[in-house]
Amino acid sequence: MIAILGGSGLDRWPQLGRLEPKTIDTPYGPPAAPLLCGAVDGVRVGFLPRHGQDHSLPPHRINYRANVWALKAAGARAVIGVATVGSIPPHIAPGALVLPDQIVDYTHGREGTFFDGADGRVEHVEFTEPYDGALRAALREAATACGVALIDGATYAATQGPRLETRAEIDRLERDGCHLVGMTGMPEAALARELGLPYACLAVVANRAAGRGALGVLAEIEQHLAAGIAAAQRLVLAALPRIATD
Ligand code: HPA
């Protein structure tokens with residue numbers, strides 16, 4: 001099964017067709033919503049909106065451990081995390097789709113590991129390359145095949161939210177080498193790695209980051225999110241058979 005985590009603007013995906021809701025419990029409590037399971041063009045998929053079906057969970061309240069555990073328990077072989085972000089450099093415009101290859105974690109106070117020592121063991125995972133290479137390649141190839149523009153390679157800054165950033169914070173993220181800013185990229189990616197789940201982030205640029213755009217951030221999101229999400233949906237649908245046959 002290929003799992004898709006939906007973010008802001010992608011809490012529901014009716015065009016996926018008839019999917020069966022599966023209630024999954026985890027040692028960390030319930031995930032954000034029942035996992036919607038079914039087949040899309042013969043490929044088994046599971047769709048989970050990380051903020052809940054009615055978008056009721058802010059980024060710092062998401063139970064990332066329950067979400068990722070539920071995907072693994074349901075038999076996911078790969079996870080695509082669709083994530084709405086702001087862009088920092090001028091060449092990444094609102095509406096763009098980006099395939100990040102690195103992440104910097106600025107979040108705090110989130111339950112960010114399955115390896116918290118409760119069983120008396122200390123474990124560390126490699127996270128040098130936080131996103132799965134084969135999954136990223138499948139998304140790149142799908143983008144070419146379906147004619148959706150995709151920017152390959154960027155560093156995602158995961159911020160705490162739910163407030164947006166200050167101009168000085170965005171300047172700092174830029175000095176740190178970050179290109180995208182979003183609130184949900186971590187600990188999701190690290191948790192997937194801990195469970196051995198190949199994970200890639202498909203970032204949907206909804207706005208220019210604070211202090212970088214002509215409009216306010218929220219006004220830009222309003223203006224660009226829907227078109228970006230529609231392109232991301234096309235791309236994910238084109239990628240599914242490529243991932244399934246890997
Ligand atoms: N900052 C943080 N998270 C976001 C943004 C942003 O500008 N846009 C969408 N998610």
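We count ligands from 1, going down the list as the structure has it; atoms in each ligand are counted the same way.
Between the CZ atom in Arg212 and the OG atom in Ser87 there is a gap of 9.0 Å [rounded to 0.5 Å]. Considering CZ of Arg77 and NZ of Lys72, their distance stands at 11.5 Å, rounded to 0.5 Å.
Closest protein heavy atom to atom 2 (C) of ligand 1: Glu165 OE2, 3.2 Å. The nearest heavy-atom contact from the protein to atom 6 (C) of ligand 1 is Leu164 CD2, 3.6 Å. Here the protein heavy atom with the shortest distance to atom 5 (C) of ligand 1 is Gly86 N, 3.5 Å. For atom 7 (O) of ligand 1, the closest non-hydrogen atom of the protein is Asn207 ND2, 2.9 Å. Here the heavy atom of the protein found nearest to atom 10 (N) of ligand 1 is Thr84 O, 3.4 Å.
For the pair Arg12 and Asp54, the salt-bridge criterion is not met [side-chain N within less than 4.0 Å of a carboxylate O].
Under a 4.0 Å heavy-atom criterion, Gly182 is in contact with ligand 1.
Proximity of Val85 to ligand 1, defined as any heavy-atom pair under 4.0 Å, is confined to the backbone N, CA, C and O atoms.
At under 3.5 Å, not a single nitrogen or oxygen of Arg208, backbone or side chain, sits near a nitrogen or oxygen of ligand 1. Of the polar atoms of Thr159, none of the N or O atoms is found under 3.5 Å from an N or O of ligand 1, judged by distance alone.
Between His55 and Asp11, some side-chain heavy-atom pair lies under the 4.5 Å cut-off.
Between the side chain of His179 and the backbone N or O of Ala154, no donor-acceptor pair lies under 3.5 Å. With hydrogens and angles disregarded, a donor-acceptor distance shorter than 3.5 Å links the side chain of Asn63 to the backbone of Tyr28. A donor-acceptor distance shorter than 3.5 angstrom exists from the side chain of Gln102 to the backbone of Thr128, with no hydrogens or angles considered.
When Val181, Leu180, Ile88 are checked for heavy-atom proximity to atom 4 (C) of ligand 1, Val181 turns out nearest.
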